[in-house]
2 protein chains.
Amino acid sequence: MPRPPTMADLAAHVGVSRQLVSLVLRDAPGASDETRRRVREAARELGFSPHVAARSLRRARSKDLGVIFAPAHSTEPEIVEAIYPAAAERGYDVMLSAQTATRSTDQAVEELLGHRCAALIVIGSDLKHTGLRAVAERSLVPVVDVGYGRRNQFYDVVRSSGDRGIEELVDYLAELGHRQITYVDPASMPPGPLRRRGYERAVKRLELAGDIVSMPGDYTEGNYFEEVGAAAARTLLERRELPTAVVAPNDHAAVGLLHTLIRNGVRIPDDVSVAGFDDALIARLSSVDLTSVRQDPGLMGVSAVEAAVRRVEGQEMRPRETVVETSLVVRSSTAAPRKRG
Amino acid sequence: MPRPPTMADLAAHVGVSRQLVSLVLRDAPGASDETRRRVREAARELGFSPHVAARSLRRARSKDLGVIFAPAHSTEPEIVEAIYPAAAERGYDVMLSAQTATRSTDQAVEELLGHRCAALIVIGSDLKHTGLRAVAERSLVPVVDVGYGRRNQFYDVVRSSGDRGIEELVDYLAELGHRQITYVDPASMPPGPLRRRGYERAVKRLELAGDIVSMPGDYTEGNYFEEVGAAAARTLLERRELPTAVVAPNDHAAVGLLHTLIRNGVRIPDDVSVAGFDDALIARLSSVDLTSVRQDPGLMGVSAVEAAVRRVEGQEMRPRETVVETSLVVRSSTAAPRKRG
DNA sequence: TCATGGAACTGGCACGTGCTAGTCGCTGTC
DNA sequence: GACAGCGACTAGCACGTGCCAGTTCCATGA
């Protein structure tokens with residue numbers, strides 16, 4: 001298997017010096033139109049592709065944004081998708097590194113640092129503040145946390161306004177006429193406290209009774225949240241009277257709750273309105289059709305790139321916090337409360 | 001922002017030559033235990049991480065497997081997750097490149113070739129045979145297609161035995177006593193023809209009537225398949241009599257079908273058994289609980305790595321086809337048919 | 001006393017590219 | 001006719017690492 005052609009090969013093929021080939025391929029001034037044409041043609045003919053390792057070795061500063069993400073998570077792929085065009089627009093390449101069950105965030109960080117990325121974007125990491133701070137201090141490079149972090153002086157934070165999202169959701173339910181709105185709180189969910197604050201603010205402002213069903217247990221991915229929702233539903237069913245609306249800060253929990261209520265003869269939304277958070281795929285299933293709060297993953301990706309580039313290019317070295325607005329998605333799982341006899 | 005330390009920095013810090021540092025970090029023989037200890041300690045202290053660009057520049061052959069995947073697809077993340085440990089075990093690193101709405105497979109290929117990957121693993125690409133063949137011929141490097149391809153002399157193929165999976169599913173339904181088993185065929189789905197062949201084989205062998213509802217339309221991701229299933233259900237409901245079982249070669253289609261039937265008063269599985277394919281997340285929802293055929297994404301990832309490594313290391317240059325077995329996952333959407341009056 | 005040999009360590013080139021500092025030849029100007 | 005100026009091109013070093021070919025030192029043996 002022959003090795004891929006280098007600039008020297010192109011130069012020999014065309015009959016010029018290697019430096020001139022470099023000039024042409026970099027679109028730098030100093031070559032005649034005719035030469036440019038011939039070099040480009042040779043590049044196409046020989047199937048040349050620049051050796052990025054050599055290039056980034058020579059270049060002092062790199063033009064790569066390192067992105068750490070967990071393929072198993074559901075919303076992160078959309079963020080990753082948005083990062084590519086946003087980075088390209090600003091002249092940066094993207095280098096992905098996955099964090100999986102068998103591959104820690106630290107390993108992913110180490111790989112990206114090995115590639116001398118200009119900045120690290122960490123999406124939905126399992127790292128807490130101290131972990132991220134350690135990464136930021138070790139890497140000597142701007143770090144952007146996309147997820148649930150809070151403003152700090154070590155790394156940038158991009159998060160969605162979960163509190164305002166929940167607040168808006170409760171407002172909407174109240175406008176429909178609901179006065180008894182229960183909130184299911186999966187205690188250990190990372191973005192939990194923030195979203196709960198939104199509920200508490202709305203309850204206070206609207207002068208509602210307020211009712212929080214707190215569900216303990218460790219945070220894990222996947223179907224766990226469905227169980228949390230089902231358990232919360234059972235708790236509610238044991239009461240003398242159901243609330244007219246239930247909010248869960250997670251779609252999977254809301255779906256578990258919804259189905260458990262239905263199976264126990266509760267009609268949705270006639271008897272009880274149910275709403276979730278995330279606008280996950282299951283919320284959009286026609287059989288579920290769950291009112292939810294949508295985070296804008298595209299905007300989060302773009303914001304992350306903006307934050308990284310801002311600090312890489314030294315315009316503003318202090319880490320910031322970027323809050324991306326959420327939006328309410330009303331579906332058929334919520335409606336005005338029925339008048340109760 | 002100071003630049004990251006190099007081997008030369010470590011050497012100066014310890015008071016030895018750069019080459020000795022290189023020796024130690026490569027675990028090559030020729031350094032005393034004491035020196036090793038001091039070098040390693042300095043590396044930790046200064047936060048050294050090897051510059052992979054420089055390393056791969058120097059090394060003739062690279063130890064990177066390039067992986068192209070579409071973050072938006074649902075099963076691919078699991079394959080990607082499996083690739084990491086499989087590659088690590090064989091001494092290879094993984095380099096990811098995403099194929100998105102705004103980023104073509106060709107762009108992804110170009111990036112990975114720029115990194116001089118030793119092989120390319122293309123997961124669930126939108127490229128047809130000619131496209132993949134072009135990639136294989138251009139890249140001068142082994143290419144592995146994970147998806148729906150067929151055996152050929154240009155690139156390796158790793159796919160699951162969709163035909164046998166469907167066949168096994170029909171066998172299972174027949175054993176339950178079903179004789180009228182309808183197959184919903186979303187015509188343009190890439191793995192469609194293969195799976196359909198499985199149905200046809202089973203029908204012939206078991207001497208069933210056979211009934212294929214073919215649904216035209218272009219293949220797109222996401223909720224489209226639900227619509228396909230819903231439309232198929234409407235077609236069936238217009239008939240004088242329903243079959244006792246329906247198989248759809250895609251979970252989303254099966255779910256759309258399932259819910260449309262339920263909404264029209266059909267009881268599942270009492271009146272009709274419904275089964276899907278993929279064992280997707282929605283199939284596992286307690287409210288859906290769909291009998292399905294599971295593809296083993298982990299095994300597909302490992303097989304892809306094996307195929308790539310086999311050809312990189314020149315043991316066997318001819319591309320192969322690897323077929324990964326599927327397995328039946330029985331849930332509550334299927335049961336023995338009710339005796340009809 | 002001196003060759004032998006191995007362990008521990010160093011010198012130096014190479015990988016493919018970017019970039020600065022040139023060289024060369026031609027044209028226009030006084 | 002000397003020389004500045006300019007366009008087109010080239011020489012050569014540097015980036016950080018891997019690895020081959022040494023070199024030094026010290027213990028061993030005859």
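Naming: A, B, ... by sequence-line order, numbering from 1 per chain.
- Side-chain contact between A/I121 and A/V146: present, with at least one pair of heavy atoms (C-beta onward) separated by less than 4.5 Å.
- The aromatic rings of A/H115 and B/H115 sit perpendicular to each other, their planes meeting at more than 60°, with 30° as the lower class boundary.
- For the 3.5 Å distance criterion, the side chains of B/S22 and B/R18 fail to qualify, holding no donor opposite an acceptor.
- A straight line from NE2 of B/H51 to P of C/dT17 spans 15 Å, rounded to a whole angstrom.
- If you measure from atom CG of B/L57 to atom C1' of C/dT17, you get 8 Å, rounded to the nearest angstrom.
- Checked options B/R36, B/Q19, B/M7; the residue passing with B/V24 is B/R36 (criterion: side chain to side chain contact (heavy atoms under 4.5 Å, CB included)).
- Side-chain contact of B/D126 with B/T105: a donor-acceptor pair under 3.5 Å is present, judged by distance alone.
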- Message: The test is side-chain contact (heavy atoms from CB on, under 4.5 Å); show your working for A/L112 and A/M95 and say whether it passes.
- Response: CA-CA 8 Å; A/L112 294 178; A/M95 177 154 294; 3.6 Å; yes
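- Side-chain N/O atoms of B/R103 and B/S97 include a donor and acceptor closer than 3.5 Å.
- Nearest nucleotide to the side chain of A/R58, out of C/dC9, C/dA14, C/dG18: C/dG18.
- Using a cut-off of 4.0 Å between Lys/Arg side-chain N and Asp/Glu carboxylate O, B/R37 and B/E34 are scored as salt-bridged.
- B/P50 comes within 4.0 angstrom of sugar-phosphate atoms only, judged by non-hydrogen atoms across all strands, and of no base.
- Distance CZ (B/R59) to P (C/dC13): 23 Å, rounded to an integer number of Å.
- In this structure, B/R116 atom CZ and C/dT17 atom C1' are separated by 11 Å, rounded to whole Å.
- You can see that DNA chain D meets the heavy atoms of chain A within a 4.0 Å-exclusive cut from D/dA8 to D/dG16, reading 5' to 3'.
- A heavy atom lying under 4.0 Å from DNA chain D marks the following residues of residues 15-27 of chain A, by number: A/V16, A/S17, A/R18, A/Q19, A/L20.
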